[in-house]
J.: 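Pasting a structure here, questions to come.
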There are 2 protein chains.
Amino acid sequence: MEYSEKQIAIINTAERLFSVKGFDGTSVRDIAQEAGVNLAMISYYFGSKEKLMEAVFEKRMNVVHLKVEDLLQNNTLTQLEKVNLLIDDYVDRFIDQSEFHKIMIREQLIEKNSHIAALILQLKKRNLQSIKKLVMDGQKTGEFRKNIDVAMMMATLVGIASQVTTSQHFYREMNNLEHMSEPDFKKYIRKKLSVYLKFLFKATLTNETK
Amino acid sequence: MEYSEKQIAIINTAERLFSVKGFDGTSVRDIAQEAGVNLAMISYYFGSKEKLMEAVFEKRMNVVHLKVEDLLQNNTLTQLEKVNLLIDDYVDRFIDQSEFHKIMIREQLIEKNSHIAALILQLKKRNLQSIKKLVMDGQKTGEFRKNIDVAMMMATLVGIASQVTTSQHFYREMNNLEHMSEPDFKKYIRKKLSVYLKFLFKATLTNETK
DNA sequence: TAAAACTAAACAAACGTTTAATTAGTTTAT
DNA sequence: ATAAACTAATTAAACGTTTGTTTAGTTTTA
């Protein structure tokens with residue numbers, strides 16, 4: 001689907017507002033005004049507010065799979081190196097697309113069988129299967145220990161990354177980092193998350209003791 | 001504040017519906033109908049929908065502080081044992097009050113300076129200070145290592161517990177646990193979370209290698 | 001019998017969506 | 001080449017619902 005400049009403006013504005021005020025808390029009038037388009041254009045282009053939300057999701061979700069499945073094919077890296085690359089990929093996405101991830105978190109909380117809920121579930125399942133495969137490979141080579149709960153492992157990755165990125169203000173204040181510029185803090189938190197998660201994953205996955 | 005039966009019914013219904021459909025996604029008519037009361041009673045008792053939400057929060061938040069500050073006073077336990085008790089306390093609350101926690105997660109995502117947002121922030125700060133104290137005590141006795149990022153540590157606890165409890169369906173399916181009864185699964189996930197978080201915290205806090 | 005609890009109805013505002021009309025740009029016909 | 005026909009983009013206004021809240025009146029309680 002090719003979008004015009006105006007359509008893209010609507011999608012981006014919708015993403016931002018949905019992330020800040022929630023889907024139900026954002027009116028199509030809000031979106032139209034902030035995107036600088038007439039109210040009716042939203043229905044005209046996307047059909048409905050619901051379908052505009054779907055357009056936001058499609059824009060972001062199309063690029064997700066690639067990385068994990070690329071890594072699985074790779075033969076020059078150890079399994080732990082692959083896991084570490086995966087961690088960085090997740091951290092980057094959470095930080096660079098924090099608005100979209102806020103929307104995702106909220107949507108997952110809602111118990112309805114919407115098209116979007118189905119999309120998210122499908123994506124999560126697919127990713128988990130790929131990562132299970134990666135872990136099994138590591139177990140075969142003896143790199144990883146037995147009895148690893150991969151779902152719990154992913155809950156760790158996603159849970160911590162969500163928690164930190166959605167409460168950046170709080171984290172910043174609690175560590176007296178208010179003096180940092182926004183980009184510097186992003187860099188700082190990215191590195192911090194990356195190092196910490198890799199440490200946790202090494203402790204969980206391998207038999208090494210340091 | 002003492003509440004009548006009817007008021008409690010309204011608060012409980014509101015909590016359930018807010019958790020499932022979100023604050024903006026829930027109408028006061030929904031709440032009134034499901035609670036079996038007249039629409040006007042909500043305004044009559046609570047003043048507004050917003051204040052009903054605050055009543056939901058006050059009901060849950062009044063009992064939070066106690067545990068952490070109790071632990072700090074205790075002299076018969078090692079610092080690691082205190083941390084472990086804290087973990088179980090958090091896990092229990094996330095599992096037993098998962099509806100309320102869904103609401104909390106959502107409220108924290110919204111960028112507005114509401115009374116509720118202020119309440120949550122205040123609570124988080126207070127808890128973090130207490131736990132920082134606990135960690136410092138452990139560092140003084142040599143039980144814990146230096147350079148511990150307590151905010152990151154709490155993000156781990158809250159992040160993983162949130163992630164697992166809010167995606168119980170997914171976790172259940174991914175581990176082929178559909179056969180379990182709901183209470184059995186609750187028991188299972190509680191134990192799983194407890195053991196796993198204690199492992200992670202030990203690895204993060206202490207210098208021990210197993 | 002006075003205060004508290006409760007109700008059905010009404011309120012204005014906000015909501016998502018549709019309409020009918022207009023503009024601008026492109027294609028077709030002569 | 002120019003007038004006519006057609007298409008897509010855009011607009012302001014209106015549509016019917018639903019929203020949270022209030023009113024004015026009735027019933028219950030103490």
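Just so it is clear: chains get the letters A, B, ... in the order the sequence lines come, proteins before strands, and each one is counted from 1. It should be emphasised that the depicted structure is a prediction, and the values quoted were computed from it without experimental measurement.
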J.: Within this structure, what is the CZ-to-C1' distance between B:F46 and C:dC6, rounded to whole angstrom?
T.: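 One finds 15 Å between C1' of C:dC6 and CZ of B:F46, rounded.
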J.: Expressed as a whole number of angstroms, how long is the span from A:L52:CG to C:dT17:C1'?
T.: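 Taking CG of A:L52 and C1' of C:dT17, I get 14 Å after rounding.
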J.: For the side chain of B:L39, starting at C-beta, report the closest nucleotide among C:dT17, C:dC6, D:dT21.
T.: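 The nucleotide sitting nearest to the side chain is D:dT21.
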J.: How many Å lie between CE on B:M41 and P on D:dT21, as a whole number?
T.: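 That distance rounds to 15 Å.
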J.: A:F23 has an atom CZ; how far is it from atom C1' of C:dC15, in whole Å?
T.: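 In whole Å, C:dC15 C1' lies 12 Å from A:F23 CZ.
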J.: Could you check, using the six-membered ring where one of them is a Trp, whether B:F100 and B:F57 have ring centers closer than 6.0 angstrom?
T.: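 Under 6.0 Å, so yes.
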J.: From C:dA5, D:dT10, D:dG20, pick the nucleotide closest to the side chain of B:S27?
T.: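 That would be D:dG20.
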J.: Measuring from the side chain of B:S43 (C-beta onward, heavy atoms only), which nucleotide among D:dT22, C:dC6, D:dT10 has the closest atom?
T.: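 So the side chain of B:S43 is nearest to D:dT22.
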J.: Quick one: B:D30 CG to D:dT17 P, roughly how many Å, whole number?
T.: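 The answer, rounded to whole Å, is 18 Å.
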J.: Using the benzene-type ring in the case of Trp, are the ring centres of A:Y3 and A:Y45 under 6.0 Å apart?
T.: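 Centroid separation for A:Y3 and A:Y45: 6.0 Å or greater.
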J.: So, OP1 or OP2 of D:dT10: does either fall under 4.0 Å of a side-chain N or O from A:K6?
T.: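 Checking A:K6 against D:dT10: at least one side-chain N or O falls below 4.0 Å of OP1 or OP2.
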J.: Apply side-chain hydrogen bond (donor to acceptor under 3.5 Å, both in side chains) to A:N74 and A:T76, showing your working.
T.: CA-CA 6 Å; A:N74 189 308; A:T76 67; 3.0 Å; yes
J.: Among the nucleotides C:dT7, D:dT21, C:dG16, which one has an atom lying closest to any side-chain atom of B:A40?
T.: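 For B:A40, the side-chain atoms sit closest to C:dT7.
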J.: D:dT21, C:dT17, C:dA8: which one has an atom nearest the side-chain heavy atoms of B:N38?
T.: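 Closest nucleotide to the B:N38 side chain: C:dA8.
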J.: If I take atom CD in residue B:E5 and atom C1' in nucleotide C:dA5, what distance separates them, rounded to the nearest angstrom?
T.: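 To the nearest whole Å, that distance equals 15 Å.
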J.: Any base atoms under 4.0 Å from B:S4, or only sugar-phosphate, or nothing? Heavy atoms, all strands.
T.: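 The answer is nothing, as B:S4 stays clear of every strand by at least 4.0 Å.
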J.: Roughly how many Å is it from CZ in B:R29 to P in C:dA9, rounded to a whole number?
T.: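 Interatomic distance, CZ of B:R29 to P of C:dA9: 13 Å.
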J.: Quickly work out the B:Y45 OH to C:dA4 P distance and round it to whole Å.
T.: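 Spelled out: OH on B:Y45 to P on C:dA4 is 12 Å.
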J.: Indicate the ring-plane relationship of A:F185 and A:Y171, choosing parallel, tilted or perpendicular according to the 30° and 60° boundaries.
T.: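 Tilted.
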J.: Which nucleotide sits closest to the side chain of B:Y44: C:dG16, D:dT21, C:dA4?
T.: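 Nearest to the side chain of B:Y44 among the choices is C:dA4.
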J.: Hey, are A:K59 and A:N12 close enough side-chain-wise for a donor-acceptor pair under 3.5 Å?
T.: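 On atom types as modelled, these side chains qualify, holding a pair under 3.5 Å.
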